[in-house]
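Each remark here refers to the structure printed beneath this line.
Just so it is clear: chains get the letters A, B, ... in the order the sequence lines come, proteins before strands, and each one is counted from 1.
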Protein chains: 2
Amino acid sequence: MNIGEAARGSGLSAKMIRHYEAEGLVAPRRLENGYRDYAATDLAVLRFIRHARALAFPLEDVRKLLALWHDRGRASADVRRIALDHVAALEAKAEAMQAMAHSLRHLAQHCNGDARPDCPILDELEKLP
Amino acid sequence: MNIGEAARGSGLSAKMIRHYEAEGLVAPRRLENGYRDYAATDLAVLRFIRHARALAFPLEDVRKLLALWHDRGRASADVRRIALDHVAALEAKAEAMQAMAHSLRHLAQHCNGDARPDCPILDELEKLP
DNA sequence: GATGGGGCTTCCCATTGTGGGAAGGTCAAG
DNA sequence: CTTGACCTTCCCACAATGGGAAGCCCCATC
């Protein structure tokens with residue numbers, strides 16, 4: 001299976017697949033002409049990567065999860081800890097963004113939003129501590 | 001006022017102040033020795049930038065907001081539009097992250113997290129569509 | 001007047017994950 | 001044999017920030 005097929009089969013772009021290989025996450029064999037050749041297990045790895053990235057796991061976490069995935073005897077506690085740490089990071093960022101959205105929406109509510117120049121949004125951005 | 005004082009006075013790092021200058025957001029005059037010299041109005045601009053960045057406005061938005069801020073006759077609707085678009089972007093990202101956190105927390109709940117290798121987190125990452 | 005320390009300057013590099021694009025090799029169909 | 005669709009590697013870009021080197025400047029202290 002060449003990289004184009006692997007891309008279509010995994011849902012990743014060929015560009016990204018090469019990148020993940022450079023990062024050491026996948027290692028397809030090479031044909032005599034230099035083309036990458038993906039086995040079914042490689043495809044499974046690529047799909048795993050796509051799912052983990054869809055959950056916004058940073059590549060470093062994906063690397064650890066792949067190592068645990070390959071390790072038949074790993075402790076599920078190891079996986080769980082990575083996942084829960086990631087959940088905490090996601091929730092912290094999400095809350096920070098919602099707090100920003102909230103205060104900005106509050107400012108915008110007091111801006112009449114017409115042709116007049118008076119705008120408490122700019123006033124606050126100017127005067128905040 | 002040199003860049004160190006401007007940094008302390010604005011709450012930005014000197015590094016970032018130079019970066020914002022390279023981006024065209026602030027233009028301090030130069031002394032004969034080449035040092036940047038910040039006027040009180042420059043400091044106000046820097047503080048404005050810091051507040052806008054604290055609300056996660058991308059630099060492009062900060063640029064537009066600064067232009068509107070400098071424009072005494074601008075329409076408040078223009079500012080409001082930028083702010084509300086940004087609120088929508090923030091909320092969309094926050095919701096996406098919370099959705100990811102939610103499904104991952106759900107997976108983790110079904111992982112016993114002990115020394116045994118059985119872990120539905122990895123199983124799902126492997127098998128998802 | 002020399003020396004030392006701290007501040008300033010510019011320039012380059014790294015980060016994270018993704019994409020664009022050039023230059024060149026390969027293969028299959030016409 | 002040409003054409004087009006692949007593939008290869010390598011370099012560059014993004015946004016926003018930080019690290020660090022090399023070199024100049026200023027001021028205080030000896």
Short N/O separations, protein against nucleotides 16-19 of chain C, under 3.5 angstrom:
unit_1	atom_1	unit_2	atom_2	d
C/dG17	OP1	A/Leu59	N	3.0
C/dG17	O3'	A/Arg53	NH2	3.0
C/dT18	OP1	A/Arg53	NH2	3.4
C/dT18	OP2	A/Tyr20	OH	2.7
C/dG19	OP2	A/Ser13	OG	3.3

*Which heavy-atom pair separates A/Leu68 from A/Arg74 by the least distance, and what is that distance?*
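What the structure gives for the nearest pair is O-CD, 3.0 Å.
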Side chain [X], main chain [Y], donor-acceptor under 3.5 Å:
X	Y	value
B/Asn2	B/Glu5	yes
A/Asp37	A/Arg30	no
A/Arg47	A/Gly9	yes
B/Arg50	B/Ser10	yes
B/Arg63	B/Glu23	yes
A/His86	A/Asp61	no

_Straight-line distance of A/Asp42 CG to A/Arg36 CZ, nearest 0.5 Å_ =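 It comes to 11.5 Å.
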*Using the benzene-type ring in the case of Trp, are the ring centres of A/His102 and A/His106 under 6.0 Å apart?*
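No, the ring of A/His102 stays outside the 6.0 Å limit from the ring of A/His106, centre to centre.
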*Under 4.0 Å from any atom of DNA chain C, heavy atoms only: list the residues of residues 24-51 of chain A that qualify, in numerical order.*
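Residues of residues 24-51 of chain A that come under 4.0 Å of DNA chain C are, in numerical order, A/Asn33, A/Tyr35.
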_Tell me which residues in residues 82-102 of chain A lie within less than 4.0 Å of DNA chain C, going by non-hydrogen atoms._
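Heavy-atom contacts with DNA chain C come from no residue of residues 82-102 of chain A; none.
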*Rounded to the nearest angstrom, tell me the gap between atom CD in B/Glu21 and atom P in C/dC8.*
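Interatomic distance, CD of B/Glu21 to P of C/dC8: 13 Å.
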_ILVMFWY cluster, A/Tyr35 and A/Ile17 together (side-chain gap under 4.5 Å)_ =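 Looking at the clustering, A/Ile17 is in a separate group from A/Tyr35.
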